[in-house]
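In the text below, chain A, chain B and the rest are named by the order of the sequence lines, each starting its count at 1. Predicted, not measured: the structure shown is a model, and the values here were computed from it. Note that these values count all heavy atoms, side chains included, but never hydrogens, waters or copies made by symmetry.
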Number of protein chains: 2
Amino acid sequence: MHEAVWAALNDPHRRAVLTLLRQRPHAVGELVGALSLSQPTTSKHLRVLREAGLVRVLPAAQRRIYALDPAPLAELDAWLAPYRALWNDRLDALGRHLDATVTDEQRET
Amino acid sequence: MHEAVWAALNDPHRRAVLTLLRQRPHAVGELVGALSLSQPTTSKHLRVLREAGLVRVLPAAQRRIYALDPAPLAELDAWLAPYRALWNDRLDALGRHLDATVTDEQRET
DNA sequence: GTGGAGTATTCCGATACCAGTATATGCCTA
DNA sequence: TAGGCATATACTGGTATCGGAATACTCCAC
């Protein structure tokens, strides 16, 4: 997973763009309105997302339609994989604790 | 998921710390060696991780043992959830395409 | 080819971040 | 309680990032 992906995800406006693009592709103008940022600032965020591979652009006349590319997010998912066991273990332990507690309470009745 | 988590994860040294702590808790001195950073710089990274809730510290005499707290990573996993369907869909589509291709090729033989 | 719509790039200023050096704090041992 | 070990904080310099304003680029429609 490349550094640019982490950096791109480290901004709330850019994450908001990803959320919007999850529904459907958007033209830049639509994103400008949704983010309440200036058009140049929005364009710059889109550039960061593009260079991280998180979005793809489809030119349509003078408009540019941005669409989500989830591939880097799949890499993020892979990065997360080794940690997943940790909170699963913790939940398992909680589960066993609760089971034991219930058993104890049942024994008490 | 809080902003501090994204910011904390946006640094390679801090992610390296998480990787190390995945195996077992480490004292600060051990991390200094592993990261080849100065001790104060390492401490500062640990502060960022601590304030993001990604690590917990257990004082042991004059040493401080840092341990991973995976809870924020579970939140990251949850953040990722709505996107997971997207690359699954794409893989499904690829799968169907391959199936269809194989079927076609088999028809041709 | 001129005009305008839509988007990207450039140029600032303010702030945040990362690394190091120097220094402070806390805790054990003798 | 004096000394030393382990860690944290303060301060500083260099660089990156974010935002807006101004400007450049590109592509239709007329």
*Nearest-Å distance for atom pair CZ/P, residues A:Arg63 and C:dG4*: 18 Å

_Distance, rounded to the nearest Å, where A:Arg50 contributes CZ and C:dT9 contributes C1'_ = 11 Å

*Presence of A:Tyr66 side-chain N/O under 4.0 Å of C:dA8 phosphate oxygens OP1/OP2*: yes

_Heavy-atom protein contacts under 4.0 Å, nucleotides 18-26 of chain C, coded B base, S sugar-phosphate only, - none_ = BBBBB---B

*Run through the side-chain heavy atoms of Ile, Leu, Val, Met, Phe, Trp and Tyr, join any pair under 4.5 Å, and report what else lands in A:Leu58's cluster.*
A:Ile65

*Please collect all salt bridge (charged side-chain N to carboxylate O under 4.0 Å, His left out) contacts where either partner lies in residues 18-41 of chain A, sequence neighbours excluded, each pair once.*
A:Arg24-A:Glu30

*Restricting to pairs with a member in residues 3-14 of chain B, which pass salt bridge (charged side-chain N to carboxylate O under 4.0 Å, His left out), not counting sequence neighbours?*
A:Arg15-B:Glu3

Set of side-chain contact (heavy atoms from CB on, under 4.5 Å) partners for [X], sequence neighbours left out:
| X | result |
| --- | --- |
| A:Ala74 | B:Trp87 |
| A:Pro40 | A:Ser38 |
| A:Glu75 | A:Met1 |

*Got a second to check how far A:Leu35's CG is from A:His45's NE2, nearest 0.5 Å?*
7.5 Å

*Which value, rounded to the nearest 0.5 Å, describes the distance between B:Leu49 atom CG and B:Glu51 atom CD?*
10.0 Å

*So where does chain B start and stop touching DNA chain D, 5' to 3', when the test is distance under 4.0 Å to a non-hydrogen atom?*
D:dA6 to D:dT9

*Which heavy atom in A:Ala4 sits nearest to a heavy atom in A:Ala52, and how many Å separate them?*
O-CB, 3.6 Å

*asked:* For a side chain to side chain contact (heavy atoms under 4.5 Å, CB included) check, start with the C-alpha distance between B:Asn10 and A:Leu9, then their side-chain angles and the critical distance, and finish with the verdict.
replied: CA-CA 8 Å; B:Asn10 190 30; A:Leu9 292 175; over 6 Å; no

*asked:* Tell me the bend of the helix from C:dG1-D:dC30 to C:dA30-D:dT1 as the angle between end helix axes, each from five pairs, rounded to the nearest 10 degrees.
replied: 20°

*For A:Asp77, enumerate each residue passing the side-chain hydrogen bond (donor to acceptor under 3.5 Å, both in side chains) test, keeping only those at least two apart in sequence or located in another chain.*
A:Arg84, B:Arg84

_By side-chain hydrogen bond (donor to acceptor under 3.5 Å, both in side chains) - contacts of B:Thr42 (at least two apart)_ = none

*Test side chain to side chain contact (heavy atoms under 4.5 Å, CB included) applied to A:Leu54 and A:Leu73, A:Leu76, A:Asp69, the passing residue*: A:Leu73

*Counting only non-hydrogen atoms, which of residues 18-33 of chain A are less than 4.0 Å from DNA chain C?*
A:Ala27, A:Val28, A:Gly29

